[in-house]
Amino acid sequence: MGTLNEQELKEIGCRVKRGDHEAFHTLYRCYFERYVRYAVRYTCDVEEATDLVQNAFFSLWENLSQYDESKNIFLYLLIIVKNNCLNYLRSIKIKDSHGDKIVEAMLFSGVDDEGVDDDIRARLKQVLQELPDKGRFVLLEHIVEGKKVKDIALEMNVAESTVKTHLKRSLKYLREHLSFILFSV
């Protein structure tokens, strides 16, 4: 089914506002895929985008009292989809940050903590040894010793951006190779 013209959208908006199921399904059929393509630009994940768009339609239907039928329903729903995508990205950032914090906490607290399973401790030591020397040095200096990027850069006689790159790559490597820890902690 193709897209609707301005007048048809206005009519569909009014009918949806009154709780017309058929109008809602018409809106869904006409624009669902388009909204998913839009959401994929934020999420880079078709399944997640599909879920976010489904949630947007559900939100519209469950909160019809908030919809003003004088507004373009296509744009109204697009804003809901966009907000869902932004909320999703925020949650991913929080999850990713939390993952970093678990790895950092393990490093900061020392690999020999009694609270850490022996297998996890051994795997952490192994992965740290697999890091390039400069990456491992930057990671340990920054996280374990608590040194600032600027101080590490002066100590290594390199640019701060180089230290940041080593740190970013080391944390990425840890996340990729210690993901089982993040799920077992």
Side-chain angles (χ1 to χ4, degrees), residues 1-107 117 120 123-124 127 130-131 135 139 143 161 164-185:
M1 184 170 237
T3 58
L4 304 171
N5 66 38
E6 189 80 25
Q7 183 58 38
E8 291 170 324
L9 271 173
K10 186 173 176 81
E11 181 185 324
I12 290 287
C14 290
R15 289 175 53 202
V16 166
K17 175 69 175 181
R18 292 191 305 263
D20 184 329
H21 287 92
E22 185 180 325
F24 183 80
H25 288 292
T26 299
L27 181 67
Y28 185 91
R29 284 190 308 270
C30 287
Y31 293 106
F32 182 80
E33 290 301 320
R34 188 170 175 184
Y35 289 134
V36 170
R37 286 192 305 274
Y38 176 79
V40 166
R41 292 179 9 211
Y42 284 91
T43 64
C44 299
D45 181 335
V46 176
E47 288 182 35
E48 192 62 46
T50 301
D51 288 347
L52 293 171
V53 172
Q54 290 277 14
N55 289 341
F57 273 96
F58 180 76
S59 178
L60 171 65
W61 188 253
E62 289 296 305
N63 299 292
L64 286 177
S65 62
Q66 295 178 9
Y67 170 63
D68 176 1
E69 68 259 30
S70 69
K71 305 286 185 197
N72 182 317
I73 195 161
F74 170 79
L75 295 176
Y76 183 82
L77 199 49
L78 185 66
I79 291 169
I80 297 173
V81 170
K82 180 180 178 181
N83 288 337
N84 285 354
C85 290
L86 294 174
N87 289 336
Y88 167 77
L89 292 175
R90 281 187 207 102
S91 76
I92 292 299
K93 185 176 180 181
I94 290 168
K95 289 177 190 173
D96 186 49
S97 174
H98 180 65
D100 287 349
K101 295 302 178 199
I102 293 172
V103 172
E104 288 176 20
M106 289 181 68
L107 290 171
D117 181 274
I120 293 174
R123 181 70 180 129
L124 177 58
V127 171
E130 292 170 2
L131 287 172
L139 182 75
I143 294 177
S161 60
K164 289 177 183 176
T165 299
H166 284 302
L167 184 60
K168 182 178 177 182
R169 288 179 182 163
S170 296
L171 284 171
K172 180 181 178 192
Y173 187 84
L174 286 177
R175 280 193 304 273
E176 289 170 354
H177 291 84
L178 296 175
S179 59
F180 75 96
I181 289 175
L182 299 179
F183 296 110
S184 63
V185 172

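As the structure is a computational prediction, the values presented were derived from the model and not from experiment.
The distance from atom CZ of F57 to atom NE2 of H25, rounded to the nearest 0.5 Å, is 11.0 Å. If you take CD on E62 and CG on N55, they are separated by 11.5 Å, rounding to the nearest 0.5 Å. With rounding to the nearest 0.5 angstrom, the CD atom of E11 is 9.5 Å from the CG atom of N5. If you take CG on L77 and NZ on K71, they are separated by 15.5 Å, rounding to the nearest 0.5 Å. Rounded to the nearest 0.5 angstrom, I12 CD1 and L27 CG are separated by 7.0 Å. Rounding to the nearest 0.5 Å places CG of L4 at 14.5 Å from NZ of K10.
Inter-residue side-chain proximity for N63 and Y67 is flagged as unmet; no heavy-atom pair is nearer than 4.5 Å. Counting only heavy atoms from C-beta outward, the side chains of Y173 and K168 never approach each other to under 4.5 Å. Contact of the R15 side chain with the T26 side chain is not registered, since no non-hydrogen atoms from C-beta on lie closer than 4.5 Å.
In terms of the side-chain contact (heavy atoms from CB on, under 4.5 Å) criterion, residue partners of R41 (sequence neighbours excluded) are, by chain and number, Y38. Residues forming a side-chain contact (heavy atoms from CB on, under 4.5 Å) with R34 (at least two apart in sequence, or on another chain): T3, Y31, R37, F74.
Nearest heavy atoms, T50 versus V36: OG1-CG1, 3.9 Å. Nearest heavy-atom pair, G13 versus E69, reported as atom, atom and distance to 0.1 Å: O-CB, 4.1 Å. Taking each heavy atom of K17 and L64 in turn, the nearest pair found is NZ-O, 2.8 Å.
Using modelled atom types, one side-chain atom of S170 and one backbone atom of G135 make a donor-acceptor pair closer than 3.5 Å.
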Margin query: What verdict does the side chain to side chain contact (heavy atoms under 4.5 Å, CB included) test give for Y88 and D51, after you've listed the backbone C-alpha separation in whole Å, the side-chain angles of each residue and the deciding distance to 0.1 Å?
Written below: CA-CA 11 Å; Y88 167 77; D51 288 347; over 6 Å; no

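Side-chain polar atoms of Y76 and Q66 form no donor-acceptor pair below 3.5 angstrom.
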Validation: residues 78-86 side-chain donor-acceptor distances under 3.5 Å, sequence neighbours left out:
residue : atom : partner : partner atom : Å
N83     : ND2  : I79     : O            : 3.4
N84     : ND2  : L52     : O            : 3.1

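Other residues, nucleotides and ligands contribute only 12 or fewer heavy atoms inside 6.0 Å of the NZ atom of K164. At most 12 non-hydrogen atoms from other residues, nucleotides or ligands lie less than 6.0 angstrom from CD of E22.
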